[in-house]
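No hydrogens, no waters, no symmetry mates; every other heavy atom, side chains included, goes into these values. In this text the structure is predicted, and so the values were computed from the model without any measurement.
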Amino acid sequence: MADSVRRSMPLFSMGIVQKLTGLTARQIRYYEENDLIHPERSEGNRRVFSFNDVDRLLDIKSLLDEGVNLAGIRRVLSEKPLEANRPVEKKAISDAELMKYLKSELVQAGKFGKTSLIQGELSRFFR
DNA sequence: CTTCTTACA
DNA sequence: TGTAAGAA
């Protein structure tokens, strides 16, 4: 049960989540307004998503493609207890794929002189 | 440059 | 949902 800690650790920026989920910032913010997700906020008021948030967003995306409206989605994962049973096989995104995106982000960050937040958080995965 | 909020097409 | 504005 120490995994839940890591899974709810805030470390993804809006940009990364957009790439990870394929959703637009507009959609992500809208879902938050509707209490479908509750990302943390950084000092500069920037949203910081956890692995759980991303996973949740992917579920929302699936439901949306199935034609479920926000009310329905909220009903399906309304206040979904974070400690729910979820088969490893059913994970929406593989760790390998996640690493792939994370790494590309790290590389891009390297092209610039400073990328305080992102680079610092991502380093956890390559340590 | 990235992300935030608000407001309108 | 997309996008324009202005701020941070």
Side-chain angles (χ1 to χ4, degrees):
Chain A
M1 222 168 267
D3 223 41
S4 64
V5 177
R6 208 166 180 171
R7 209 168 309 185
S8 48
M9 191 191 312
L11 32 65
F12 302 120
S13 68
M14 175 58 87
I16 293 177
V17 175
Q18 286 188 66
K19 293 173 183 173
L20 250 33
T21 65
L23 295 168
T24 66
R26 180 77 172 82
Q27 291 177 298
I28 297 172
R29 295 184 187 119
Y30 186 59
Y31 302 154
E32 179 185 32
E33 281 182 57
N34 285 267
D35 298 304
L36 261 41
I37 55 173
H38 314 103
E40 311 268 310
R41 290 301 180 112
S42 66
E43 282 183 50
N45 194 43
R46 281 172 159 45
R47 271 168 265 254
V48 187
F49 307 79
S50 66
F51 186 90
N52 266 322
D53 294 320
V54 176
D55 215 59
R56 186 121 167 157
L57 251 6
L58 289 172
D59 286 343
I60 295 172
K61 189 187 180 187
S62 299
L63 264 27
L64 240 38
D65 290 329
E66 290 171 42
V68 183
N69 57 49
L70 290 188
I73 294 176
R74 193 178 309 147
R75 219 174 140 183
V76 177
L77 7 137
S78 68
E79 299 308 314
K80 180 181 180 181
L82 295 180
E83 288 304 315
N85 12 283
R86 36 145 47 67
V88 185
E89 293 73 37
K90 190 177 176 303
K91 285 179 62 179
I93 186 173
S94 68
D95 290 342
E97 189 169 7
L98 175 59
M99 289 306 244
K100 170 185 161 192
Y101 284 105
L102 254 29
K103 186 173 183 178
S104 68
E105 278 305 316
L106 227 195
V107 173
Q108 278 216 324
K111 291 182 178 179
F112 288 65
K114 83 170 192 179
T115 304
S116 58
L117 201 168
I118 299 178
Q119 188 164 48
E121 299 292 11
L122 289 182
S123 66
R124 297 173 188 284
F125 289 97
F126 302 100
R127 186 176 50 180

Quickly work out the [X] [atom1] to [N] [atom2] distance and round it to whole Å.
X: A/Ile16; N: B/dT2; atom1: CD1; atom2: C1'; value: 11 Å
X: A/Gln18; N: C/dT1; atom1: CD; atom2: P; value: 13 Å
X: A/Asn34; N: C/dT1; atom1: CG; atom2: P; value: 11 Å

With rounding to the nearest 0.5 angstrom, report the [atom1] to [atom2] distance, [X] to [Y].
X: A/Leu57; Y: A/Gln27; atom1: CG; atom2: CD; value: 9.0 Å
X: A/Phe49; Y: A/Leu20; atom1: CZ; atom2: CG; value: 11.0 Å
X: A/Arg6; Y: A/Leu11; atom1: CZ; atom2: CG; value: 9.0 Å
X: A/Ile28; Y: A/Met14; atom1: CD1; atom2: CE; value: 5.0 Å

Exercise for the section: Scan nucleotides 4-9 of chain B nucleotide by nucleotide, 5' to 3', and note B when protein non-hydrogen atoms come under 4.0 Å of the base, S if they reach only the sugar-phosphate, - if neither. Expected result: SB----

Practice task
Give a yes/no answer on whether the side chain of A/Ser13 brings an N or O atom under 4.0 Å of OP1 or OP2 in B/dT3.
Solution key: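 Yes, because at least one side-chain N or O of A/Ser13 sits under 4.0 Å from OP1 or OP2 of B/dT3.
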
Practice task
Taking all non-hydrogen atoms of both residues into account, name the closest pair between A/Thr21 and A/Leu58 and its distance.
Solution key: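 Closest pair (atom of A/Thr21, atom of A/Leu58, distance): CA-CD2, 3.8 Å.
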
Practice task
Establish, from distance only, whether the side-chain atoms of A/Ser62 and A/Asp65 form a donor-acceptor pair under 3.5 Å.
Solution key: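 Short answer, no.
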
